[in-house]
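Take a look at the structure set out below.
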Amino acid sequence: MDLALPDVATQFAVAADRAFSGAGGVELARRAEVDPALRMREIKVVLDALGVPDLDPRADLDSSIMAAEFVRVAGRYIIPFPVVAYVAARPEDGVPVALASAAPLRVDHGDLFGTWVLHDLDGGAFEATPATARLGSRLAPFTTDMARRGDLGSTPVGEVELLCVLWASYLLGVSEYALELAVDHVKGRVQFGRPLSDLQSVRFQVADATVAVDGLRELIHFTLWRLSADPGNALTDALAARLQAQEVAQPVLRLSQQLHGAAGMCDEYDISFLVRHVQPALRLPVDSDALSDVLFNRITTHGFATLFPLRAADVATPE
């Protein structure tokens, strides 16, 4: 596996970074909480100007890498828009595509589009529409209850896999920025006459977080390759990548907020917005505990083709 990204993906990520930064960066999330209409009025305009509706992540490996890099950059700025669903939209009509949660059926930013295509982790697909107004809670300001509509039969091969990896890449972007915020803070924060970064315990924690983020990045690149090389047998890999992203993002965000101290709970600091706005990405369609069960059941049925292949017969079912 070549860890070097295609030039076209790198350039697209740079263009997206410039566009989001120029539009306000994390400030967009602050403004959207006050003016939710900004999501369609300004953010969708930026995405369309970048050519996101023309990006087909299902076309080939380079296209899927471009999509993953785009959502990674969006995660860095915690862009208040359903970027994964918009990137993975149904090619024929642009209807956004998302993973379905169990009851209650919820989608982040579900109020922005009248019709959605939802895929559950059991292999079913259906359409849904917004059922109520946004929840408006502090930890899920744009999450919307949905109503199930027409059934679409079985989920096509590769759909759940693609969505899992795109969400993993989004959480990678969130984790990258949270780690950068932590490093910047401990370098500049002086405590007892010296920067926090001089404390060995702080350095160890930051080093561990850095290794975790770097490992997640490589895992996502590998999983994208797996989806391209063997799409019919990559669901276990995709679920594992999604789970790993959740299990990396949570402690990295926690560490960054803790190192910020009380300031980490204040919305004047970007880390507060990252922690609040990322909650739907961490919990929908299922949280890490439930996804662990899904992954375990998948491995017991199909095995896991890793560097040390695990057959289904090798997995002991817990008593």
Side-chain angles (χ1 to χ4, degrees), residues 1-6 8-10 12-13 16 52 55-76 79 82-91 96-101 108 117-121 123 125 155-176 212-249 278 280-288 291-292 294-295 298-299 302 304-306:
M1 183 188 69
D2 186 0
L3 292 178
L5 298 180
V8 65
T10 302
F12 191 51
V52 173
L55 179 62
D56 183 4
R58 303 170 183 85
D60 52 40
L61 179 57
D62 283 2
S63 297
S64 65
I65 294 175
M66 286 178 63
E69 280 295 283
F70 172 77
V71 299
R72 178 186 65 81
V73 174
R76 290 179 58 85
I79 297 299
V83 288
V84 170
Y86 199 55
V87 167
R90 194 161 58 183
V97 178
L99 291 173
S101 65
D108 204 28
V117 171
L118 301 183
H119 299 289
D120 60 41
L121 296 178
T155 295
V157 173
E159 284 295 288
V160 170
E161 293 89 331
L162 175 65
L163 291 167
C164 282
V165 180
L166 289 179
W167 272 118
S169 192
Y170 183 88
L171 289 175
L172 170 62
V174 174
S175 302
E176 287 176 343
V213 171
D214 288 347
L216 176 59
R217 185 180 301 109
E218 292 193 15
L219 177 61
I220 290 170
H221 294 168
F222 170 79
T223 309
L224 286 168
W225 170 80
R226 277 281 291 163
L227 264 61
S228 174
D230 192 9
N233 295 296
L235 179 56
T236 307
D237 296 82
L239 291 171
R242 166 67 175 161
L243 177 61
Q244 181 65 11
Q246 290 170 298
E247 294 188 340
V248 167
V278 78
L282 291 171
R283 302 173 187 277
L284 297 175
V286 292
D287 62 18
S288 57
L291 188 58
S292 295
V294 173
L295 179 59
R298 173 76 186 179
I299 294 173
H302 299 280
F304 198 0
T306 66

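The shortest side-chain heavy-atom distance between V213 and V248 falls under the 4.5 Å cut-off. For the pair L162/P57, a side-chain contact is recorded, criterion being any heavy-atom separation below 4.5 Å from C-beta on. Counting only heavy atoms from C-beta outward, the side chains of W167 and L284 never approach each other to under 4.5 Å. Side-chain atoms of D120 and P285, non-hydrogen and from C-beta on, never get closer than 4.5 Å to each other.
To the nearest 0.5 Å, atoms CE (M66) and OG1 (T10) are separated by 10.0 Å. Atoms CG and SG, from L121 and C164 in turn, are 6.5 Å apart once rounded to the nearest 0.5 Å. Between L166 atom CG and L224 atom CG the span is 7.5 Å, to the nearest 0.5 Å. Here S64 contributes atom OG and L61 contributes atom CG; the two are 4.5 Å apart, rounded to the nearest 0.5 Å. Annotation: the span from D237 atom CG to L295 atom CG amounts to 9.5 Å, rounded to 0.5 Å. In this structure, R242 CZ and L163 CG are separated by 10.0 Å, a value rounded to the nearest 0.5 Å.
In this structure, the side chain of R226 engages the main chain of N233 through a donor-acceptor pair within 3.5 Å. A donor-acceptor pair is defined here as one N or O able to donate and one able to accept, closer than 3.5 Å; such a pair exists between the side chain of E161 and the backbone of G158.
Annotation for L171 and A281: closest pair CD2-CB, 3.9 Å, computed over non-hydrogen atoms. Among all heavy-atom pairs drawn from L227 and A238, the shortest one is CD1-CB, 4.4 Å. Smallest separation of non-hydrogen atoms from T223 and A241: OG1-CB, 3.7 Å.
A salt bridge links R72 to E176: one of the charged nitrogens lies within less than 4.0 Å of a carboxylate oxygen.
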Inset, instruction - Start with the C-alpha gap between E159 and R58, add the side-chain angles, then the distance that decides, and say whether salt bridge (charged side-chain N to carboxylate O under 4.0 Å, His left out) holds. - result: CA-CA 9 Å; E159 284 295 288; R58 303 170 183 85; 2.5 Å; yes
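Ring-plane geometry between F222 and W225 is classed as tilted, the angle between the planes lying from 30 to 60 degrees on a 0 to 90 degree scale.
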